[in-house]
Trainee: 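The structure is given below, and queries will be raised subsequently.
Just follow the structure's listing: the first ligand is 1, and inside any ligand the first atom is 1. This chain uses plain numbering: 1 for the first residue, then up along the sequence.
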Amino acid sequence: MRVIIETDYAAMSRKAAGIIAKEIRSKPNAVLGLATGSTPLGVYHELVRMHEKENLDFSGVRTFNLDEYYRLRPDHPESYHTFMFKNLFDGINVNPANVSIPDGMAADIGLFCESYERRIKDAGGVDIQLLGIGRDGHIGFNEPGSSLGSRTRLKTLTEETIRDNARFFDNEGEVPHFAVTMGVGTILDAKKLLMLASGSNKARAVRDAIEGPVSAQVTASVLQLHPNVMVVLDEEAASMLSRSAYYIYVERMAEKFEAEAGT
Ligand code: PGA
């Protein structure tokens, strides 16, 4: 696991966008796994800028989003569908036919979840999956207690997640209590994982995920089982890690090797 600690949110966002851009430039038909929430906003802003100013081409890219609220219409202002078009897809040249977001309105959610898994597989799997982390250590909406082998399914949100997400809605009563989310096992199938966290309110979850035991109580801790993980943090989110000095040293060495290898 590479743990990259940047000074602040803007630097974290630029670093993560650079990693995604490198993936797209080396594989123009890359399959991106995408996330919603406050954390990836800066990354999406930077990707739109790179598209406009640096010819970053999304025309061959395919995308799969992690999750969507259950029974929130796609055109609802707080649906993840609306979020993705507003914050990323409308600003880049991705083909809307290549965009997949779970359908929280599907008549048969079980059947839909199976088809979502199949679609990811048929696309050749996710090349790089972007992830945020909840204060309860969730990835996607895999709340504490989610099976570490779980696949795309309907999940019940915790009270903490509902409270955290209430800031986007007029009041807490409007926040859906259920979501359709890729499972932990689905996320682990991606070839690379890129998790971001910013702010001191994420420091405990980040510490538990990176340095704690692997546990279904902190589903992000499953990243420890994946062979290709990058975690990009700002200093506040990294503030409870006990091995920060070592992570920083490793990154300095990696940069040195990359410079010497001319990559
Ligand atoms: P946030 O959400 O980026 O809005 O903090 C992250 C998450 O809950 O996964």
Trainee: Whether the R207 and S239 side chains hold a donor-acceptor pair (N or O, under 3.5 Å, no angle test) is what I'd like checked.
Mentor: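 Checked: R207/S239 side chains show no N/O donor-acceptor pair below 3.5 Å.
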Trainee: Do we see a donor-acceptor contact under 3.5 Å between the side chains of E143 and T156?
Mentor: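 Distance-only check fails for E143 and T156.
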Trainee: Under 4.0 Å from any heavy atom of K202, which atoms of ligand 1 are there?
Mentor: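 Under 4.0 Å from K202, ligand 1 has these atoms: 1 (P), 5 (O), 6 (C).
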Trainee: May I ask you to check whether T39 has an N/O atom sitting below 3.5 Å from an N/O atom of ligand 1?
Mentor: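 Yes - when backbone and side-chain N and O of T39 are compared with those of ligand 1, one distance drops under 3.5 Å.
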Trainee: Run the numbers for me: atoms of ligand 1, each under 4.0 Å from some heavy atom of G37, listed by number.
Mentor: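 What qualifies from ligand 1 is 3 (O), 4 (O).
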Trainee: Given H138, R167, R135, M195, identify the one with the heavy atom nearest to atom 7 (C) of ligand 1.
Mentor: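 Looking at heavy atoms only, H138 sits closest to atom 7 (C) of ligand 1.
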Trainee: So which protein heavy atom does atom 6 (C) of ligand 1 come closest to, and at what separation?
Mentor: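 Of every protein heavy atom, I133 O, 3.6 Å lies nearest to atom 6 (C) of ligand 1.
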Trainee: Side chains of E46 and S13: any donor to acceptor distance under 3.5 Å?
Mentor: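 Side chains of S13 and E46: no pair found under 3.5 Å.
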Trainee: Would you give the length of the straight line joining atom CD1 of I101 to atom CZ of F64, rounded to the nearest 0.5 angstrom?
Mentor: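 So the CD1 of I101 and the CZ of F64 are separated by 11.5 Å.
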Trainee: At what distance, to the nearest 0.5 angstrom, does CD of E211 lie from OG of S244?
Mentor: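 The distance works out to 7.0 Å.
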